[in-house]
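Notes follow once the structure below has been shown.
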Amino acid sequence: MLKLSSEVLGHDHIIYIRAAVEPESVTENGDGIIGFTSANEDDGHQHEIWYNPGSMGQEIPNPDTGEPMVIPERYFVQEVNGHTHEILDQYLSIPSNKREKQSENYEGITNKYLKIAALAYDNDCTDYHKDAVKAEDMVFGGEYQWDQSIRTTLQQRGRPYLSFNVIKNKVNTLVGFFRSDPMVPKVKPTEGSDATLSDVYNALITHTLADCDYKSVQSEVVTDMIITGRGNINIGIDTKHGVEYGDPMIEHQEWEQVNYMPHLKKDLSDCEGVVKWRWVTKEYLLRIAPESKRKEIEHMNGTNVMTNLAGYQQNTKQPFLLFNKSVINEEKYRLMDITRREYKERLVIFNPVDEYYLDGEDGAIESWLLDAKTRKRILSIPGFTKDTRRVTEYWVGTFAANIMLYDRLSEFDGYMTIPCYATIRRGRIKGEVYDLIDPQNELNKRTTSYIELLMRLGTNAEIYDDQTFHDEMDKKNYEEG
């Protein structure tokens, strides 16, 4: 990892801490070299980073088990030229404005994003969306359990259509199982020396999940999975105080407000784009829009904004609306976050011995976004070099209808909206409710017919079966009075 040092005698250093101590440097008391600093620009001096296994922090209780837990081991900077430095808590990071893309080809980039949104919507509308809507209707119950065409026919004939909802109780039972025993990720050590680090990771996970009310989020996601076959989790960073200092966010995203490009793998490794959206007011758009886009937002209305993405879609029977004239309230504009994946050749700084690559993957920073001075400082650290590599980038475009507000490189190595599937096979998605639809329909129709028959026969109707009487003689005596 790369961190920053304190400033001493008018200079500071970039600090590189390796994953393990150099074996040949270990002393009798266990100290050893675990990293180096960048070279000073004036005289070229560098410091070694030493690891002292005896300098542990204060023990604190594990929030899960109550067992003692220690803070990670202490690193210190070796003295050189009569001075040393403190290792700051701050990691080397990319300034937020470096991720913003100032593209000259505005129309071309906009078309790329809108095409992804259209194709993702088409993909979900092929099967998933209509199956999910039907499943939601079955859980809601009442007249929604009957197809509109059947309801209309029965109404015209003056016949009843009743529903006896048995699905909702089954859904509530399944959701209750998950609520009573929620799944919480845990980190386990692979060897004895990992135990301390595992404790720290578990403490961070516990704190983050509690801060995000993860139990409620998980309950909502599981409910969507059971009913529609797919729930969605949003991960992100609270940027109120800047991206560099933001806290993690974990949120539930409604199933109908997310669309994915075609994919077969649950981890989205074969998915080329994702769009999440919601309806908002023009006033909200004015609050979040950059200064350069506010005038354009102010003049938005039903006549000068693109109303749908039919021009980008393959299935135009279900157009993806951007402006909704039919809503009663003011939430008429679709606000979208569209994420697309790109593959580019980039100049990457890396340490081949440690297999440490500044390529934006596995939490590492993107070296090509650093300024020339910072790149030079990193390359002065022993073991670092540079080369051109093919990397995967995730770009996020924020749109108000068809107006692009932002285009930025994601801080995450992957999509920020993650699907959780009940069942997915060959692209088809199925929830637990799917297999209950036919039994529920059969129950509704059979019971409705039974009650209708009673109504037609009048108040003197008598219904009996083979189990009503003791024998044939008893039945005959009853029938003959």
Side-chain angles (χ1 to χ4, degrees), residues 121-122 124-176 223-230 254-257 279 307-308 310 315-321 324-329 331-332 422-423 428-470 472 474-481:
Y121 182 75
D122 282 347
D124 278 345
C125 284
T126 302
D127 291 304
Y128 171 68
H129 192 267
K130 64 175 182 290
D131 289 347
V133 170
K134 180 62 177 175
E136 286 279 14
D137 288 343
M138 298 302 289
V139 173
F140 192 83
E143 65 178 13
Y144 297 101
Q145 290 189 339
W146 292 78
D147 291 337
Q148 180 62 50
S149 59
I150 298 177
R151 292 207 310 263
T152 302
T153 300
L154 292 175
Q155 285 175 343
Q156 291 173 348
R157 297 178 180 178
R159 298 177 60 185
Y161 49 90
L162 306 175
S163 67
F164 303 86
N165 195 347
V166 297
I167 293 181
K168 187 175 181 180
N169 287 338
K170 297 181 184 300
V171 170
N172 290 340
T173 300
L174 290 174
V175 174
T223 302
D224 285 350
M225 289 172 58
I226 292 172
I227 297 174
T228 73
R230 185 174 74 194
E254 296 291 343
W255 65 264
E256 71 269 26
Q257 294 182 341
W279 294 109
T307 57
N308 60 59
N315 177 18
T316 55
K317 293 181 180 180
Q318 295 177 290
F320 188 49
L321 297 178
N324 194 348
K325 300 178 182 179
S326 63
V327 294
I328 299 175
N329 56 30
E331 295 183 346
K332 297 182 177 181
T423 301
R428 290 294 301 271
I429 303 166
K430 186 176 77 170
E432 302 305 319
V433 170
Y434 186 87
D435 291 329
L436 298 175
I437 292 177
D438 285 343
Q440 179 68 67
N441 285 335
E442 193 272 339
L443 173 64
N444 290 343
K445 294 175 181 178
R446 175 165 46 84
T447 309
T448 297
S449 298
Y450 176 80
I451 293 177
E452 184 183 15
L453 178 60
L454 288 178
M455 294 170 59
R456 288 180 180 277
L457 291 174
T459 57
N460 294 326
E462 297 174 347
I463 298 176
Y464 54 85
D465 58 21
D466 294 339
Q467 305 299 320
T468 305
F469 303 99
H470 296 295
E472 286 297 324
D474 190 19
K475 179 181 177 181
K476 183 177 180 181
N477 291 338
Y478 176 81
E479 292 175 343
E480 294 178 354

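Along the sequence shown, residues are numbered consecutively beginning with 1.
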**Request:** Hey, could you give me the CD/CZ distance between Gln145 and Phe140, rounded to the nearest 0.5 Å?
**Result:** 10.5 Å

**Prompt:** Taking only residues two or more places apart in sequence, or in another chain, which ones meet Asp124 in a salt bridge (charged side-chain N to carboxylate O under 4.0 Å, His left out)?
**Reply:** Arg230

**Prompt:** Of all residues at least two apart in sequence or in a different chain, which pass the salt bridge (charged side-chain N to carboxylate O under 4.0 Å, His left out) check with Asp438?
**Reply:** none

**Fill in**
Residue set satisfying side chain to side chain contact (heavy atoms under 4.5 Å, CB included) with Thr152, at least two apart, ordered chain then number -> Gln148, Gln156

**Request:** Please round to the nearest 0.5 Å and tell me the distance separating atom CH2 of Trp255 and atom CD1 of Ile429.
**Result:** 11.0 Å

**Message:** Heavy-atom count check: over 12 atoms from other residues, nucleotides or ligands less than 6.0 Å from Tyr434 OH?
**Reply:** no

**Complete:** Residues at least two apart in sequence or cross-chain that pass side-chain hydrogen bond (donor to acceptor under 3.5 Å, both in side chains) with Tyr144, listed by chain then number, are none

**Message:** So which atom in Phe164 and which in Leu443 form the shortest heavy-atom distance, rounded to 0.1 Å?
**Reply:** O-CD2, 3.6 Å

**Fill in**
For Phe469, the side chain to side chain contact (heavy atoms under 4.5 Å, CB included) test, sequence neighbours excluded, returns Tyr464, Asp474, Lys475, Tyr478

**Under the salt bridge (charged side-chain N to carboxylate O under 4.0 Å, His left out) test, residues paired with Glu442 that sit two or more places apart** = Arg446

**Prompt:** Which distance, rounded to the nearest 0.5 Å, do you find between the CG of Asp435 and the OG1 of Thr423?
**Reply:** 8.5 Å

**Message:** Going by side chain to side chain contact (heavy atoms under 4.5 Å, CB included), name the residues that satisfy it together with Pro439, two or more places apart in sequence or in a different chain.
**Reply:** none

**Asked** Any idea which heavy atoms bring Leu154 and Pro160 closest together, and the distance?
**Response** CD1-O, 3.8 Å

**Item:** Interatomic distance, Glu143 atom CD to Ile150 atom CD1 [nearest 0.5 angstrom]
**Value:** 13.5 Å

**Message:** If the condition is side-chain hydrogen bond (donor to acceptor under 3.5 Å, both in side chains), which residues does Gln155 pass it with, not counting sequence neighbours?
**Reply:** Tyr161

**Asked** Nearest 0.5 Å, what's the CD-CD distance between Glu136 and Glu256?
**Response** 7.0 Å

**Complete:** Lys130 meets the side-chain hydrogen bond (donor to acceptor under 3.5 Å, both in side chains) criterion, sequence neighbours left out, with Asp127

**Fill in**
Applying salt bridge (charged side-chain N to carboxylate O under 4.0 Å, His left out) to Asp131 and not counting sequence neighbours gives Arg428

**Asked** According to the salt bridge (Lys or Arg N to Asp or Glu O under 4.0 Å) rule, which pairs have a member within residues 147-165, sequence neighbours left out?
**Response** Lys134-Asp147, Arg159-Glu452

**Under the side chain to side chain contact (heavy atoms under 4.5 Å, CB included) test, residues paired with Ile167 that sit two or more places apart** = Met138, Val139, Asn165, Val171, Val433, Leu436, Gln440

**Item:** Option from Asn441, Asn444, Asp137, Leu162 for which side-chain contact (heavy atoms from CB on, under 4.5 Å) with Trp146 holds
**Value:** Asn444

**Request:** Of all the heavy-atom pairs spanning Met225 and Ala422, show the shortest one and how long it is.
**Result:** O-CB, 3.5 Å

